[in-house]
Amino acid sequence: MKRVYNFSAGPSMLPLAVLEKAQAELPDYRNSGMSVMELSHRSGLFTEIIEEAEQLLREIMNIPENYKVLFVQGGASQQFAMVPLNIMKNGKADYVNTGSWSKKAMKEAKKYGQVNVIASSEDENFTFIPKIDQSMIDKEADYVHITTNNTIEGTSFREIPDTGSVPLVADMSSNILSEDIDVSKFGIIYAGAQKNIGPAGLTVVIIREDLIGNAKDICPTMLDYKTHSDSGSLYNTPPTYGIYMAKLVFEWIKELGGIKAIQKQNEEKAALLYDFIDQSDFYSSPVREDSRSIMNIPFTIPGYDLDAQFVKEAKEKGLETLKGHRSVGGMRASIYNAMPVDGVKALVQFMKEFEESNK
Ligand SMILES: *Cc1c(COP(=O)(O)O)cnc(C)c1O
């Protein structure tokens, strides 16, 4: 069997232990004579899976009682519409513009109400996270929206803004489960699964109960949080296999020692790469130091035209999907939870060798 270190921004690596468990259980799940994909979503066996998945997520993220966990479809991109359709009661919301995904979220929200950009780093190519304080927030805004980790630009909120009584909504697609966060600071957290949770097709929503049940009249049934909350995410057929895989990933995190242990490992991985980039006069980081993501690390080789060669030679060494996003250029290493420390070490070793032979 060949496994590579896959630095893709998403879909991304899954832990090998999780894939092997899924493989072992694939044709005959717990003596049912069926795979999880073939089980009815109303069956006892699947009920156990979805309930355990929720319980595990509550445990590892320490989710308070007054929050619901929803397993839905449509990706994080569908949340860009679901959030305003459900909670934009006064017709206006504050957004922080920190990158391509924030912009897409704003574009969608504008269809349903007024979007106020209270802070932006667009003038400086989204290379930093602006500071947010309460005086910037409209007290009558229905919510404040942030993108906690900017997957494309490689920036991240190192501090969660205090929005007072205005609910904070976060697109946490690319850093959920990577570090310890206080869920009670948020009104809604949403994340597409394909970065840190499991396979694509599942979206996780964590929502404070008082924000459910206020959807606009035009809100489609399937986009109303209440539909999914009232039915335990079983209004229609949920992405059953994705939920099963997410459950295995949550178990894997718990066995590793929980989010704090994962965070420590993630910080070590990011430091390995950033320390190397910082000491090098060949590689460079486009991101301001106080805003660096520990999940997505873009880097460039200024003054040379070597990006394509770097990506090609890295691939030959089993280091895949390092091409940077077209809007940033250069390279990007996404080092989500499932990327082993050894993968980052192998990348740094390759970067050293590449620098020596091309400088
Ligand atoms: C990947 C990503 C998205 C898009 O997710 P989909 O599930 O493909 O809709 C949105 N926001 C962020 C921050 C992302 O990383």
Side-chain angles (χ1 to χ4, degrees), residues 6-14 70-85 93 95-109 111 115 120-122 126-130 143-158 160-161 168-179 181 186 188-206 222-223 228 233 238-239 241-243 245-246 249 266 270 287 291-298 321 323-328 332-339:
N6 178 10
F7 293 90
S8 169
S12 51
M13 281 185 89
L14 283 162
L70 312 178
F71 297 114
V72 299
Q73 306 192 47
S77 302
Q78 184 159 283
Q79 295 305 310
F80 298 165
M82 266 176 95
V83 167
L85 276 165
Y95 276 71
V96 181
N97 180 17
T98 52
S100 310
W101 289 118
S102 303
K103 284 178 76 166
K104 285 194 171 147
M106 294 190 296
K107 188 171 173 220
E108 196 67 17
K111 296 185 177 179
V115 166
S120 171
S121 51
E122 188 162 15
F126 298 120
T127 51
F128 72 100
I129 297 290
Y143 59 92
V144 178
H145 183 280
I146 62 170
T147 311
T148 47
N149 186 81
N150 297 278
T151 325
I152 292 171
E153 297 79 7
T155 61
S156 171
F157 279 82
R158 302 314 316 158
I160 299 303
L168 179 61
V169 175
D171 177 356
M172 218 176 264
S173 294
S174 52
N175 72 333
I176 192 166
L177 304 177
S178 71
E179 59 185 292
I181 57 133
F186 298 87
I188 301 177
I189 292 170
Y190 63 85
Q194 66 275 20
K195 280 99 187 211
N196 252 343
I197 297 175
L202 167 67
T203 309
V204 171
V205 178
I206 301 165
M222 277 298 288
L223 302 191
H228 301 284
S233 301
Y241 202 72
I243 294 168
M245 289 295 287
V249 170
N266 286 334
V287 178
S291 305
R292 288 172 170 180
S293 164
I294 59 169
M295 293 282 98
N296 311 96
I297 303 187
T321 340
K323 189 178 185 316
H325 191 272
R326 60 192 178 278
S327 66
V328 177
R332 172 178 49 169
S334 294
I335 50 173
Y336 297 115
N337 288 351
M339 172 61 68

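Indexing begins at 1, ligand by ligand and atom by atom, following the structure's order.
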**Study point:** Side-chain donor/acceptor of Asn196 to backbone N/O of Asn337, under 3.5 Å
**Key:** yes
Point to revise | Flag, side chain of His228 to backbone of Met222, donor-acceptor distance under 3.5 Å | key: yes
Pull out every atom of ligand 1 sitting under 4.0 Å from any heavy atom of [X], numbered as shown with elements.
| X | value |
| --- | --- |
| Gly75 | 7 (O), 9 (O) |
| Thr147 | 13 (C) |
| Thr151 | 12 (C), 13 (C), 14 (C), 15 (O) |
| Ser174 | 15 (O) |
| Asn149 | 13 (C) |

Revision key, fill the gap. Closest to atom 9 (O) of ligand 1 among protein heavy atoms sits Ser77 OG, 2.6 Å
Study note, to complete from the structure: Of all protein heavy atoms, the one nearest atom 11 (N) of ligand 1 is Asp171 OD2, 2.6 Å
Review point. Going by distance alone, is a donor N or O of one side chain under 3.5 Å from an acceptor N or O of the other, for Tyr336 and Asn266?
Key: no
Study note, to complete from the structure: In short, Ser100 meets Ser327 closest at the heavy-atom pair OG-OG, 4.4 Å
Revision key, fill the gap. Closest non-hydrogen contact found for Ser293 with Asn149 is OG-OD1, 2.7 Å
Check your understanding: Would you say Phe7 and Ile335 make side-chain contact, with heavy atoms under 4.5 Å?
Key -> yes
Review point. Can you tell which of Lys195, Glu153, Gln194 gets a heavy atom nearest to atom 7 (O) of ligand 1?
Key: Gln194
**Study point:** ligand 1 to Ala76 polar contact by distance, N or O atoms, under 3.5 Å
**Key:** yes
Review point. Could you walk me through whether Thr98 and Asn150 pass the side chain to side chain donor-acceptor pair (under 3.5 Å) check?
Key: CA-CA 7 Å; Thr98 52; Asn150 297 278; 2.9 Å; yes
